[in-house]
Amino acid sequence: QVQLVESGGGLVQAGGSLRLSCAASGRTFSNYAMGWFRQAPGKEREFVAGISRRGSTYYADSVKGRFTISRDNAKNTMYLQMNSLKPEDTAVYSCAADAPPYSDFRTMDYWGKGTLVTVSS
């Protein structure tokens, strides 16, 4: 099992930046594919970005070119650098882990509780 804890959310003006972190417990972090998801008020949860255990990255079209996902396996931590934030990026952002056999981020096995990002116009 792995426990995930997000941090770094907050209130930012449009055009600003935030960096989210996802700290994982356990010694098998490097075996997991990791992803960021978000859920805005009244909307379904959606995929934001994912990173394979080897470091390949994937992004939703809505954040491509603005967000960067990364991981540091030595620190058991994943990051999401968010630049050029827009009001429509406002959501609760959650990190999740995809254990083998990997599901291409369709079915995540472990979830954090989330951190709120609010972008004001």
Side-chain angles (χ1 to χ4, degrees):
Q1 278 212 351
V2 63
Q3 292 184 328
L4 304 172
V5 179
E6 302 94 340
S7 61
L11 174 64
V12 64
Q13 287 189 329
S17 298
L18 281 175
R19 189 176 83 152
L20 305 183
S21 299
C22 172
S25 65
R27 292 180 286 179
T28 58
F29 175 76
S30 60
N31 288 341
Y32 295 107
M34 299 294 297
W36 287 100
F37 295 76
R38 68 185 181 187
Q39 186 167 20
K43 295 188 176 181
E44 292 188 354
R45 184 167 60 197
E46 64 175 356
F47 171 80
V48 175
I51 186 166
S52 73
R53 62 188 188 99
R54 289 192 172 92
S56 297
T57 58
Y58 308 88
Y59 297 94
D61 287 344
S62 58
V63 307
K64 206 170 289 183
R66 301 188 296 123
F67 291 10
T68 303
I69 189 172
S70 61
R71 65 190 297 164
D72 185 337
N73 289 340
K75 295 182 178 180
N76 281 10
T77 303
M78 175 180 65
Y79 305 97
L80 185 68
Q81 178 66 43
M82 304 187 295
N83 299 328
S84 302
L85 282 161
K86 305 175 181 180
E88 51 264 41
D89 294 319
T90 295
V92 174
Y93 285 71
S94 299
C95 66
D98 187 9
Y102 305 108
S103 68
D104 292 334
F105 311 106
R106 293 187 181 90
T107 306
M108 307 302 281
D109 296 287
Y110 304 102
W111 290 87
K113 292 184 178 180
T115 185
L116 177 62
V117 171
T118 304
V119 184
S120 63
S121 57

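Only this structure's heavy atoms are used, side chains among them; waters, hydrogens and symmetry mates stay out. Nothing fancy with the numbering, it's 1 onward along the sequence.
- No continuous path of ILVMFWY side-chain contacts below 4.5 Å connects Ile51 to Met108, so the two sit in separate hydrophobic clusters.
- A single hydrophobic cluster is not seen to contain both Phe47 and Val117; linkage of ILVMFWY side chains at heavy-atom distances under 4.5 Å, directly or through other members, places them apart.
- Because its NZ or CZ atom is both nearer than 6.0 Å to the ring centre of Phe29 and within 45° of the ring axis, Arg71 counts as a cation-pi partner of that residue.
- A distance of 12.0 Å separates CG of Leu116 from CD of Gln39, quoted to the nearest 0.5 Å.
- In this structure, Gly114 and Ser94 approach most closely via the heavy-atom pair CA-OG, 3.5 Å.
- Atoms OG and CG, from Ser70 and Leu80 in turn, are 8.5 Å apart once rounded to the nearest 0.5 Å.
- Met82 and Val92 fall into different hydrophobic clusters, where Ile, Leu, Val, Met, Phe, Trp and Tyr are joined by side-chain heavy atoms under 4.5 Å apart, directly or via other members.
- Side-chain contact between Asp109 and Asp98 is present, with at least one heavy-atom pair separated by less than 4.5 Å.
- Residues Tyr102 and Ile69 do not share a hydrophobic cluster, clusters being chains of Ile/Leu/Val/Met/Phe/Trp/Tyr side chains in contact below 4.5 Å.
- For residues 111-121, the set of pairs meeting the side-chain hydrogen bond (donor to acceptor under 3.5 Å, both in side chains) definition, not counting sequence neighbours, is empty.
- One distance of note links SG of Cys95 with CD of Glu6; it measures 4.0 Å at 0.5 Å rounding.
- Taking CZ from Phe37 and CD from Glu46, the interatomic distance works out to 10.5 Å, rounded to the nearest 0.5 Å.
- The ring-ring contact (aromatic ring centres under 6.0 Å, His included) pairs that include a residue from residues 49-78 are Tyr58-Phe105, where partners are two or more places apart or lie in different chains.
- More than 12 non-hydrogen atoms from other residues, nucleotides or ligands lie less than 6.0 angstrom from NZ of Lys64.
- Between the Ser52 side chain and the Ala33 main chain, no donor and acceptor come within less than 3.5 Å of each other.
- Leu4 and Ala96 make their closest contact through CD1-CA, 3.7 Å (heavy atoms, listed as atom of the first residue, atom of the second, distance).
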* To do: Any chance you could lay out the salt bridge (Lys or Arg N to Asp or Glu O under 4.0 Å) test for Asp89 and Lys86, step after step, and finish with the verdict?
  => CA-CA 5 Å; Asp89 294 319; Lys86 305 175 181 180; over 6 Å; no

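- Linking ILVMFWY side-chain heavy atoms closer than 4.5 Å, directly or via other members, places Trp36 and Tyr79 in two distinct hydrophobic clusters.
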Distance-only donor-acceptor hits, side chain of residues 15-26, under 3.5 Å, sequence neighbours excluded:
{"residue": "Ser17", "atom": "OG", "partner": "Asn83", "partner atom": "OD1", "Å": "2.9"}
{"residue": "Ser25", "atom": "OG", "partner": "Gln3", "partner atom": "N", "Å": "2.9"}

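- Between Val63 and Arg38, the closest side-chain pair of non-hydrogen atoms falls below 4.5 Å.
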